[in-house]
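Data first, discussion second: the structure below is written as structure tokens.
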Amino acid sequence: MSRALRFIVPLLCAGVASAATVRRGSIATEVDQESCAAPAAVSHVDASKRQVFLWFVAAHVRSGDRIRVEWVDPSGAISDSADYSELPDAASLCFATQLPVAGFAPASTPGKWSVRVVVNSSAALTRSFEVTGAAESGGLRVTSVQMTPTAAGFDLELTGAGFTAISTVHLARYTKAGGWTYLSAAQPAQAAPTTLVSHHDALPPGEYWVIVQNLDKSLSAPMPFVVASSGAYKLPIPADQPWMLTQGPYGGFSHWGNSLHAYDIAPINGRCVVAMRAGIVHTHDLGMHQDHSRRTFGNYITIDHGDGEYSHYAHLATGSFVVHDGQHVEQGQALALVGNSGYTLGEGGGYHIHVHVTRTPSISSGSVPFRFEDLAGGARRGVIVSSNRSTLCDCSRPSADGAMVASSKSGRETAAPAHELQFRASVAVAQWWSDLVVVRRGAKSLDATLTLPEDAAGADLHLVSPSGQHYGWYGNTTGYSGQQTRQQSFRIPHPEAGVWRVSVEGTRSDAGPIEFGVETNAVRYRN
């Protein structure tokens with residue numbers, strides 16, 4: 001799996017006729033991810049550095065152009081590569097391609113490295129740099145790490161060379177702000193020249209590094225290991241459907257920084273995305289389509305699993321959400337259709353679902369390692385099949401809380417009858433439908449949800465209180481899920497008692513009247 005990583009920022013967009021040319025290339029250890037500012041160039045990279053970047057600008061890019069970046073080790077072999085085969089027409093594109101150093105091949109292969117850019121099979125740019133500070137052959141080094149959980153924490157079994165009975169095993173983390181931060185040190189419980197076993201206290205999920213120090217103050221190059229979440233996650237695709245895993249953790253195109261421990265999965269036949277674990281849904285249908293100008297997740301869903309972990313599902317198709325804010329979903333339940341909204345450029349771009357797990361609600365916060373129970377053989381690229389089975393796996397219609405959806409024996413997803421909605425009606429574009437509900441005195445909240453069965457249809461939900469307070473996308477948005485979300489909903493705390501008007505405005509339709517349903521937790525008004 002390629003581990004060279006990149007971002008692309010279009011500077012100008014226009015149709016062009018000539019092949020791409022490459023200019024202004026430099027080697028760096030830090031880049032600005034949000035702009036095309038030229039980084040500080042370096043010629044030497046220490047083996048303890050987290051990564052090295054090639055920064056360059058490609059001009060006169062055509063949509064059919066293919067740009068390939070190749071990292072070449074001191075022996076002349078290609079150590080890593082990245083292909084950009086889904087490029088837009090652009091007057092200029094800015095690239096930053098990353099090669100991990102500490103804990104990877106460059107750290108144990110000192111000497112003169114080079115990186116070249118190939119455009120449509122022709123060499124366009126070459127830059128060289130020196131990797132220094134790696135352990136000498138036969139010296140102190142760690143070649144592999146095996147982690148085994150214990151009742152009190154975990155054991156690390158290290159293989160390598162140069163170990164002694166009084167070696168010290170350090171655990172560290174690498175942060176962009178502070179570099180290497182040492183967390184703890186332990187003496188080996190078992191030691192031999194090529195193996196060490198040490199005991200350590202429990203650590204939260206994350207990426208860590210082990211560094212061995214000998215009495216003469218020599219240090220091994222850092223070697224990474226991960227503490228994965230204990231959550232019982234399954235693949236975000238319905239059972240028995242083949243999909244394509246295009247990028248895993250340390251992936252070749254965007255899985256670095258906060259998205260390091262993420263997965264990209266592209267559809268082969270089906271398009272329905274399902275929940276990896278049970279939890280409470282938070283929807284973010286922003287009405288976005290593919291956007292090469294900004295690094296965004298597009299339309300996405302976050303699920304709060306109630307144990308301090310949150311799973312995120314990005315690049316979803318706008319208008320396809322079949323769950324609503326605050327809804328509890330089970331593992332395997334349908335969420336939305338896979339899309340290509342937001343920043344989906346590069347190999348494995350286009351239609352795919354990006355998933356990762358965090359310890360805070362924000363999708364942009366740091367990802368933590370996690371494992372799929374049904375991904376045999378780890379995060380290798382290729383065809384994968386899920387065992388994430390649920391009767392609620394149908395993306396063809398909104399799923400109300402408690403609605404049951406079944407799959408037929410033929411494998412085609414079919415919906416079982418859901419509970420009868422409070423209101424079912426239709427409305428034309430630019431027309432309004434209204435009805436009344438009664439909110440009892442002392443009600444803790446007024447919940448109202450609009451469901452739309454057709455992806456091509458659009459409508460807006462409005463509420464008016466007994467005193468005339470208007471709740472809508474251009475009114476009071478208290479508890480509002482957002483315009484164009486599916487389902488669209490309000491949760492108004494401590495509502496005014498009395499008769500409320502519920503209204504639906506038709507906004508978009510490709511074929512005649514818009515069928516919809518409305519559900520509230522209030523009582524339907526009857527004269």
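Counting heavy atoms from C-beta outward, S364 and F297 have side chains that approach closer than 4.5 Å. The shortest distance between side-chain heavy atoms of F56 and L125 falls below 4.5 Å. In this structure, Y208 and L171 have side chains that are not in contact, with every pair of non-hydrogen atoms separated by 4.5 Å or more. Considering only heavy atoms from C-beta on, I303 stays 4.5 Å or farther from E309 through its side chain. I78 is not listed as a side-chain neighbour of D73, based on a closest heavy-atom distance of 4.5 Å or more. Residues L450 and S489 are not in side-chain contact: their nearest non-hydrogen atoms beyond the backbone lie 4.5 Å or more apart. F321 is not listed as a side-chain neighbour of V281, based on a closest heavy-atom distance of 4.5 Å or more. Taking the side chain as every heavy atom from C-beta outward, F53 and T97 never approach each other to under 4.5 Å.
Counting heavy-atom neighbours within 6.0 Å of Q146 CD, excluding the residue itself, gives a total of 12 or less.
Not counting sequence neighbours, R127 has no partner by the salt bridge (Lys or Arg N to Asp or Glu O under 4.0 Å) test. Listed by chain and number, the residues in a side chain to side chain contact (heavy atoms under 4.5 Å, CB included) with Q331 are K234, R277, N388 (sequence neighbours excluded). Residues satisfying the salt bridge (Lys or Arg N to Asp or Glu O under 4.0 Å) criterion with D325, sequence neighbours excluded, are absent altogether. Every residue meeting the side chain to side chain contact (heavy atoms under 4.5 Å, CB included) condition with T477, not counting sequence neighbours, appears here in chain and number order: Y480. Looking at residues two or more places apart in sequence or on another chain, you find a ring-ring contact (aromatic ring centres under 6.0 Å, His included) between Y233 and H305, F370. A262 meets the side chain to side chain contact (heavy atoms under 4.5 Å, CB included) test with H255, H354, H356; sequence neighbours excluded. For the side-chain hydrogen bond (donor to acceptor under 3.5 Å, both in side chains) test, residues two or more places apart in sequence or in another chain that qualify with S365 are T360. A124 is linked by a side chain to side chain contact (heavy atoms under 4.5 Å, CB included) to V22, V119, counting only residues two or more places apart in sequence or in another chain. Here R371 pairs with nothing under the salt bridge (Lys or Arg N to Asp or Glu O under 4.0 Å) rule; sequence neighbours left out. The ring-ring contact (aromatic ring centres under 6.0 Å, His included) test applied to H282 returns no partner, not counting sequence neighbours. The salt bridge (Lys or Arg N to Asp or Glu O under 4.0 Å) test applied to D304 returns no partner, not counting sequence neighbours.
Two rings, from Y300 and Y313, have their centers 6.0 Å or more apart.
Taken to the nearest 0.5 Å, the OG atom of S387 stands 7.5 Å off from the CD atom of E373. Considering CG of D460 and CZ of R508, their distance stands at 9.5 Å, rounded to 0.5 Å.
Checked against the 2.5 Å cut-off, the SG-SG distance between C272 and C393 does not fall under it.
In summary, R173 and E207 do not engage in a salt bridge, as defined by a charged side-chain N under 4.0 Å from a carboxylate O.
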> Please walk me through it: do W243 and L245 pass side-chain contact (heavy atoms from CB on, under 4.5 Å)?
Replying inline: CA-CA 7 Å; W243 286 50; L245 177 61; over 6 Å; no
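With no hydrogens or angles considered, no side-chain donor-acceptor pair links S386 and Q241 at under 3.5 Å. Residues D285 and T283 bring no donor and acceptor atom of their side chains to less than 3.5 Å of each other. Q487 and T449 share no side-chain donor-acceptor pair at under 3.5 Å. H312 and T358 are linked by a side-chain donor-acceptor pair at a separation below 3.5 angstrom, with hydrogens and angles left out of the test.
Without hydrogens or angle criteria, S341 side chain to L316 main chain gives a donor-acceptor distance under 3.5 Å.
The salt bridge (charged side-chain N to carboxylate O under 4.0 Å, His left out) pairs that include a residue from residues 95-105 number zero, where partners must be two or more places apart or lie in different chains.
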